[in-house]
Amino acid sequence: MSTPHTPSDETLLAALRDGEDLALERIVARWEKPLFAFAWRYLHDRADAQDLATETFVRLYHHRERIHPDAKLSAWLFTTLGNLCRNQHRWRRRHPTVSLDATPNEHEADDLAPRPISAALPPDRALESDERLRALAAALDRLPHDMKTALLLHHFERLSYREIAAVVGCSERGVETRLYRARRLLRADLATALDPVMYPT
């Protein structure tokens, strides 16, 4: 977001196309944290998130002259990063080394995810909270790419339906449909996963 004293994304993108390398530094400074946050929530891996956010900026620089002058920078960045995350996610499923359901600890999460609250809870409530977090991470991981992307961009990055539509390649009504279906899938998935925790036999 720009102010009267800072250049807009459109201005920075135009400067980057004109060969001003300082524009790339300003774009990185503005978008590095949101891109890392999105990739971290998508993959739950700090190293992968950092690598893919960096790769997104590399691709922006290499393709700077081919980006349409009217293109929205945020949409281009999240579209590129989303595709990279999807490819990495597929690769990890074919080459599993660690559980995709693992939940990062507090130090890994930094300020990108809700703080663990289990330490302040009684043991039975702490177990329930931890189970919920793991179940949510696993349920998100199982969502189809377009639904997962729309949900992350809407709930965490606070992008508008129009901005999300540009990223996932559909209409604003299509975004609304994806979010509705994603929430239904999450509710059904979580209801199944948490029943044994909520109602132990």
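Along the sequence shown, the residues carry numbers beginning at 1. These numbers come from the heavy atoms of this one structure, side chains and all, not from hydrogens, waters or symmetry mates.
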Taking all non-hydrogen atoms of both residues into account, name the closest pair between [X] and [Y] and its distance.
X	Y	result
Leu151	Leu140	CD2-CD2, 3.6 Å
Ser160	Glu163	N-OE1, 2.9 Å
Ala139	Leu190	CB-CD2, 4.2 Å
Glu176	Tyr161	CB-CE2, 3.8 Å
His63	Arg66	ND1-NH2, 2.7 Å
Arg17	Pro69	NH2-CA, 3.5 Å

Review point. For Glu32 and Gln50, what are the C-alpha separation, side-chain angles and deciding distance, and is it a side-chain contact (heavy atoms from CB on, under 4.5 Å)?
Key: CA-CA 9 Å; Glu32 183 176 26; Gln50 187 62 63; 3.7 Å; yes

Point to revise | Parallel, tilted or perpendicular, as decided by the 30° and 60° cut-offs, for the rings of His89 and Tyr42 | key: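 Taking His89 first and then Tyr42, their aromatic rings stand perpendicular (interplane angle over 60°).
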
Review point. Using 30° and 60° as the class limits, which term best fits the ring planes of Phe78 and Trp31: parallel, tilted or perpendicular?
Key: perpendicular

Practice item. Could you give me the CA-CA distance, side-chain angles and deciding distance for Leu60 and Leu73, then say whether side-chain contact (heavy atoms from CB on, under 4.5 Å) is met? Key: CA-CA 9 Å; Leu60 173 67; Leu73 180 60; 4.1 Å; yes

Review point. Step by step, would you call Lys148 with Asp141 a side-chain contact (heavy atoms from CB on, under 4.5 Å)?
Key: CA-CA 8 Å; Lys148 184 176 182 179; Asp141 189 65; 3.8 Å; yes

What distance do [X] atom [atom1] and [Y] atom [atom2] have between them, rounded to the nearest 0.5 Å?
X	Y	atom1	atom2	value
Glu65	Asp18	CD	CG	9.5 Å
Arg30	Leu77	CZ	CG	11.0 Å
Arg26	Thr11	CZ	OG1	10.5 Å
Trp40	Lys33	CH2	NZ	12.5 Å
Met147	Leu185	CE	CG	5.5 Å
Thr56	Ile27	OG1	CD1	12.5 Å

Point to revise | Val58 with Leu16, same ILVMFWY side-chain cluster at under 4.5 Å | key: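 They do not share one cluster, since no chain of ILVMFWY contacts under 4.5 Å joins Val58 to Leu16.
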
Check your understanding: Are Val167 and Phe156 connected in the hydrophobic side-chain network, where two residues link if heavy atoms are under 4.5 Å apart?
Key ->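 Yes: a chain of side-chain contacts under 4.5 Å links Val167 to Phe156.
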
**Study point:** His155 side chain reached by Arg183 side chain, heavy atoms, under 4.5 Å
**Key:** yes

**Study point:** Student check: side-chain heavy atoms of Leu52 and Leu43 closer than 4.5 Å
**Key:** yes

Point to revise | NZ/NE/NH1/NH2 to OD/OE distance under 4.0 Å, Glu157 and Arg41 | key: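 Yes, charged N to carboxylate O under 4.0 Å.
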
Check residues 81-88 and write down every donor-acceptor pair under 3.5 Å in which the side-chain atom is one partner and the other belongs to a residue at least two apart or another chain.
{"from": "Asn83", "atom 1": "OD1", "to": "Arg86", "atom 2": "NH2", "distance (Å)": "3.0"}
{"from": "Asn83", "atom 1": "ND2", "to": "Thr79", "atom 2": "O", "distance (Å)": "3.3"}
{"from": "Asn87", "atom 1": "ND2", "to": "Asn83", "atom 2": "O", "distance (Å)": "3.3"}
{"from": "Gln88", "atom 1": "NE2", "to": "Asp48", "atom 2": "OD2", "distance (Å)": "3.1"}

Check your understanding: Has Arg162 got more than 12 heavy atoms of other residues, nucleotides or ligands less than 6.0 Å from its CZ?
Key ->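 No, the 6.0 Å shell around CZ holds no more than 12 heavy atoms from other groups.
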
Check your understanding: Going through the checks in order, is the side-chain contact (heavy atoms from CB on, under 4.5 Å) test met by Leu24 and Arg64?
Key -> CA-CA 10 Å; Leu24 180 63; Arg64 64 192 184 282; over 6 Å; no

